[in-house]
Amino acid sequence: MLSQASPWYVHALKRTTAGAAEPLTVPARMEWTTRPGSGPGAEILGPDLCRKRVLELGCGPGHNAAHLATRYGAQATGVDLVGLQVRRARSHYGRLNTLTFVAGHALHYLQASDDHFDAIYSVFGAIGLVAPELLLPAIAQHLKPRCTLAFSVPHPQRGGRRPSTDDRPGRDYVSLPDCTRLPIARWDFDAHCWDKHLDRAGLWLTSAQEFHDARHDRWPTTLLITARKL
Ligand SMILES: C[S@@+](CC[C@H](N)C(=O)[O-])C[C@H]1O[C@@H](n2cnc3c(N)ncnc32)[C@H](O)[C@@H]1O
């Protein structure tokens, strides 16, 4: 049965089995990289997030959205493809009244929404997992002018890989707690290629930073991009 399920469903199921779904303390930091405690925090989303509407695409258990809602007073919405992740996020942080979790595909959520956001972000979430030529224009439509899109993705040169040389997705894997891996498609672009796709969508790349994680190897592990709506 599980062999036919979506890799992201299996990922959520295994994570749910590995850790209890109970109320959690809200994290003190926003994490963009593979190494907790390193890299920037929520400040890259804008100077003042108090009462601002922020949207996370691919929120998983909701730690970052909970941080923005609690520490910054943002009105945060987290969307995740897998209902089980949303259930888990609600059991961790459902008590926070400026935080909403929604189950759905990031693109379908945006296509069905009339809302406009002060910041949209993804932390190893839907950006890179959904065709950028569809997702980035949909994001641009729902971002207020001069507001920020920020996203981190696995670095295209992680472990010595080569970034993709065209606009098509490549094969990647979801790692499960038991160290097995399930194949997924990923748009593994370098900063230059993200710049091209952002520009086509009406978004202006404002920074591209790479981060290493000394626990792994000498290759960068995370690419963090920020962009602004023109
Ligand atoms: C690697 S996890 C990251 C979760 C979270 N952002 C974090 O940092 O803990 C990727 C998440 O993206 C979700 N996801 C994958 N494809 C998606 C899509 N098309 N729309 C919304 N969420 C998606 C998965 O279900 C999973 O929870």
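Quick caveat, the model's predicted, so the values are computed rather than measured. These values consider heavy atoms only, across backbone and side chains, with no hydrogens, waters or symmetry-generated copies. In listed order, ligands and their atoms are each counted from 1.
The number of heavy-atom neighbours closer than 6.0 Å to CZ of Arg146, taken from other residues, nucleotides and ligands shown, is 12 or below. Heavy-atom neighbours of Arg200 CZ from other residues, nucleotides or ligands within 6.0 Å: above the threshold of 12.
In terms of the side-chain hydrogen bond (donor to acceptor under 3.5 Å, both in side chains) criterion, residue partners of Arg29 (sequence neighbours excluded) are, by chain and number, Glu31.
Expressed to the nearest 0.5 Å, how far CG of Leu55 lies from CG of Leu68 amounts to 11.0 Å.
By the 30° and 60° cut-offs, the orientation of the rings of Phe117 relative to Tyr109 is tilted.
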List, pair by pair, the atoms of ligand 1 and of the protein that are both N or O and lie under 3.5 Å apart, giving the separation rounded to 0.1 Å.
unit_1, atom_1, unit_2, atom_2, d
ligand 1, 6 (N), Glu56, OE2, 3.3
ligand 1, 6 (N), Gly58, O, 2.9
ligand 1, 6 (N), Val123, O, 2.8
ligand 1, 8 (O), Val123, O, 3.4
ligand 1, 19 (N), His105, NE2, 3.4
ligand 1, 20 (N), Ala106, N, 2.9
ligand 1, 22 (N), Leu81, N, 3.1
ligand 1, 25 (O), Asp80, OD1, 2.7
ligand 1, 27 (O), Asp80, OD1, 3.4
ligand 1, 27 (O), Asp80, OD2, 2.6
ligand 1, 27 (O), Gln85, NE2, 3.4

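Neither side chain, His142 nor Asp114, offers a donor N or O lying under 3.5 Å from an acceptor on the other.
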